[in-house]
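Below: one structure in structure tokens.
Side chains included, hydrogens not; waters and symmetry mates left out as well; all remaining heavy atoms used.
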Amino acid sequence: MCIDSQGKSIEIRQAAGLLLKNNLKGAYPSMSQENQKYIKSELLPCLGAVDRNIRTTVGTIISVIVNIEEGSGWPELLPALVTCLDSNDLNHMDGAMDALSKICEDIPHVLDSEVPGLAERPINVFLPRLYQFFQSPHASLRKLALGCVNQYVIIMPSALYNSLDKYLQGLFLLANDPVAEVRKLVCAAFVHLTEVLPSSIEPHLRNVMEYMLQVNKDPDEEVALEACEFWSAYCDAQLPSENLKELLPRLIPVLLSNMAYADDDESLLDAEEDESQPDRDQDLKPRFHTSRLHGSDDFDDDDDDSFNVWNLRKCSAAAIDVLSNVFGDEILPALMPLIQAKLSTSGDEAWKEREAAVLTLGAIAEGCFNGLYPHLSEAIRVDQYASTLFLQIVAFLLPLLDDKFPLIRSISCWTLSRFGKYLIQEGGNPKGYEQFEKVLMGLLRRLLDSNKRVQEAACSAFATVEEDAAEELVPHLGVILQHLMCAFGKYQRRNLRIVYDAIGTLADSVREELNKALGVGFAPFAQPVFQRCMDIIQLQHMAKVDPASAGAQYDREFIVCSLDLLSGLAEGLGSGIESLVSQTNLRDLLLNCCMDEAPDVRQSAFALMGDLARVFPAYLQPRLIEFLQVASQQLSTNLIGENLSVANNACWAIGELAVKVRQEVSPIVTNVVSALALILQHAEAVNKSLVENSAITLGRLAWIRPDLVAPHMEHFMKPWCLALSMVRDDLEKEDAFRGLCAVVKVNPSGGVSSLVVICKAIASWHEIRSEDVNSEVSQVLNGYKQMLGNSWAECWSALDPPVKERLARYQV
């Protein structure tokens, strides 16, 4: 094998090793045992190769094989690693440790498993040796040994749990290691222990906290970043707050100091880009846009800064945010003098200090809201009649929207958005309303900033204010739309995605009011916005097939944003969307998107399908069955990860379409009901939103075609009723109960075994507003009472008192 050929150059041997690693992933399982044995026998002697590049390549290949074989099938490996570790030869020790570290990182459970032929688990053999290497004079061995052990903190095998004292002794020994990478691993270890087993560090808490405070100021930023993670972990672990409270006067200055931009922060370079400079391809990283999702709020949104590098500045701001939520106003005596000092600095050279102070105000906006006023009244000279905190902050921040430094303008946008909800609550106060208008106009002004970074921050901040303000925006729709359309026309590719979000959020926030606005501001813009979305989707479909002809690289994020913006328009304009879509090929484009291989594209496509079904179902009619079939296929796809969100929207869209086209859904009813029944029977494996939408769509199909659904009701009645009992009272729930009553009428005996849960589902209503649904529910209950005769009392006795109380209104 070339990797073991001593006569070959290092580069050739390393390339051979990497080629072998890449091929093994696919080819190894189908190799003959003879070839597998040969490869293994050639690798082990290379663990002690003189060249480190060869050793690390061999370690990578070994970990790949161990991963494929799940730790069995290579009895010679573990003794060979032990021999190398015990050899006192640096090359052999380093090679074995490198291989071990990769196994621990990629497949840690392998070493904590029973291995045929071994008296004990491998981790029991290796762990004492790893602890010994904590004291090695060689930095590489200390680093690898500590990295190996750290991998096991999360899963905490008994071997580590039983030797925690030794581990902690080792951490204290390495705490002031001269090598930054080792100190970083020590910090990571304390953070992991705090998260996984906080009781393990409690006896040493003061020492650990003092150490973390010390290394939070480490000259190496990566070490300081790892240490900074400790404070949020400490608060989440609910360790004694008194200890941390004592530390605040010394901790807060460190955090605040670390919140200023570092001289080498990439953002400083990005901030200099104005709109005259074209976007670079590397700028077009995945953004924070989240595909539209219909249902409850149990999905986590991506963090707005997820596309940026996590650094000490952001981690410090996050720690201040967490501390403000834990301690509230108690952090202000230590914090506010520092903020005041930074805010009062003048001169161009101090702009980073002022920017950090504005960032801090935003970070503590929620946690310290009640206590900020007396401090700020000293630092910020504003109208003495501005009697509330947020009016003072706003009055101070508004001028900063026009600061000469782009990053001060952008952070001021974010901080204003953090205080936005309080401004809106103050809307009844004339002063508060005046300030709200100033913030709105200030953010709109910054939407059209010449600096791309400020455009981005203003657009994101405005989207936040949109969500908080909702109908409060209605009087300002004309000017908002003018600014958004102007941004829509001037933004380059990167920020265009964010303005999509802002327009879509506006449609969500003001809904039918946007329709009313057609005559007072949106009419000139609706058609160009719609057409721009159509053009982008068509261009991206071309780029996917032939980028050269399209003149653009394929980027599905543009399709997702465009679909979501079209959804927002459909939702906001209602039937007014008809004039935009009727003469277009949106229907064909949308069907293609519903069949796209990318889950986020399908998710947004089914959201638009459902929105069109609600406001203009006739448009989907020519390809109705195709839309229904494609949507129904999503319900039986592998329901994990992103596919859950796709299934959720597809399920919702089927239900919306069903209530509009009625009998025309008949061809897919049986298949969809089978898929929904499976989802409901395994509700614990999916999310709340999909369970609720499945229950509602099943009810809608049952309402339309009870004859097709009723014969199968025994298979899903219990989980269906359990899911319905968790749905909030609304029109969708009424539709579902129309279906429940319809199938019971067709097949009353099919519901007898589930009668208790049927009763509980009915009792989940606080009030059924629809008279016809109320009447049908009453008929079902009284019908069962009559049908069961004396057995009804047995069913009634199985119900809890609150359920009986709710059902009493039906005289049963």
Side-chain angles (χ1 to χ4, degrees), residues 44 46-60 62-63 66 71 77-112 115 118 120-193 200 204 211 215 220 222-223 226:
L44 292 181
C46 296
L47 279 170
V50 174
D51 187 87
R52 190 155 205 276
N53 291 321
I54 298 299
R55 296 199 299 272
T56 56
T57 304
V58 167
T60 302
I62 287 172
S63 75
V66 173
L77 174 63
L78 297 179
L81 291 175
V82 170
T83 301
C84 288
L85 293 176
D86 294 347
S87 68
N88 280 331
D89 175 82
L90 180 57
N91 291 339
H92 282 83
M93 291 188 294
D94 183 75
M97 194 66 86
D98 183 85
L100 201 55
S101 72
K102 286 164 181 164
I103 293 169
C104 293
E105 184 177 351
D106 297 338
I107 27 170
H109 61 276
V110 162
L111 298 186
D112 189 38
V115 177
L118 287 185
E120 53 186 336
R121 294 184 176 198
I123 195 167
N124 294 329
V125 174
F126 287 114
L127 205 51
R129 289 173 168 82
L130 294 174
Y131 290 149
Q132 283 177 359
F133 279 113
F134 284 7
Q135 301 179 57
S136 169
H138 304 289
S140 64
L141 297 181
R142 296 196 303 275
K143 185 186 83 169
L144 289 169
L146 181 51
C148 284
V149 183
N150 282 4
Q151 294 295 336
Y152 287 93
V153 174
I154 303 296
I155 56 177
M156 194 53 72
S158 55
L160 178 56
Y161 184 81
N162 294 331
S163 61
L164 274 176
D165 283 346
K166 215 160 196 176
Y167 181 38
L168 287 166
Q169 285 170 19
L171 293 177
F172 290 128
L173 176 75
L174 294 171
N176 295 306
D177 197 279
V179 176
E181 285 179 307
V182 176
R183 296 196 303 278
K184 178 183 170 184
L185 286 168
V186 171
C187 294
F190 283 130
V191 171
H192 291 331
L193 285 170
S200 65
H204 315 280
Y211 172 70
V215 282
D220 187 290
E222 287 195 19
V223 177
E226 202 65 60

- Task: Can you sort out the partners of Glu222 under salt bridge (charged side-chain N to carboxylate O under 4.0 Å, His left out), two or more places apart, ordered by chain and number?
- Result: Lys184

- Task: Among residues two or more places apart or on two chains, list those pairs meeting salt bridge (charged side-chain N to carboxylate O under 4.0 Å, His left out) that have a residue in residues 151-172.
- Result: none

Side-chain donor-acceptor distances from residues 167-179 under 3.5 Å, at least two apart:
residue, atom, partner, partner atom, Å
Tyr167, OH, Asn150, OD1, 2.5
Asn176, OD1, Gln214, NE2, 3.2
Asp177, OD1, Arg142, NH2, 3.1
Asp177, OD1, Val179, N, 2.9
Asp177, OD2, Arg142, NE, 2.7
Asp177, OD2, Arg142, NH2, 3.3

- Query: Can you check whether Phe126 reaches Cys104 side chain to side chain, under 4.5 Å on heavy atoms?
  - Reply: no

- Taking atom CD of Gln151 as the centre, does the number of heavy atoms from other residues, nucleotides or ligands within less than 6.0 Å exceed 12? yes

- Message: Minimum heavy-atom separation for Asp98 and Gly59, please, with both atom names.
- Response: OD2-CA, 3.8 Å

- Please check if the side chain of Arg55 supplies one atom and the backbone of Val50 the other of a donor-acceptor pair under 3.5 Å. yes

- Task: With rounding to the nearest 0.5 Å, note down the distance linking OG in Ser101 to CG in Leu146.
- Result: 12.0 Å

- Message: If the condition is ring-ring contact (aromatic ring centres under 6.0 Å, His included), which residues does Tyr131 pass it with, not counting sequence neighbours?
- Response: Phe134

- Query: Could you give all pairs that pass the salt bridge (charged side-chain N to carboxylate O under 4.0 Å, His left out) test and reach residues 123-133, with sequence neighbours left out?
  - Reply: Asp86-Arg129

- Item | Side-chain ion pair, Asp220 and Arg183, N-O less than 4.0 Å | no

- Item | Residues forming a salt bridge (charged side-chain N to carboxylate O under 4.0 Å, His left out) with Asp112, sequence neighbours excluded | Arg121

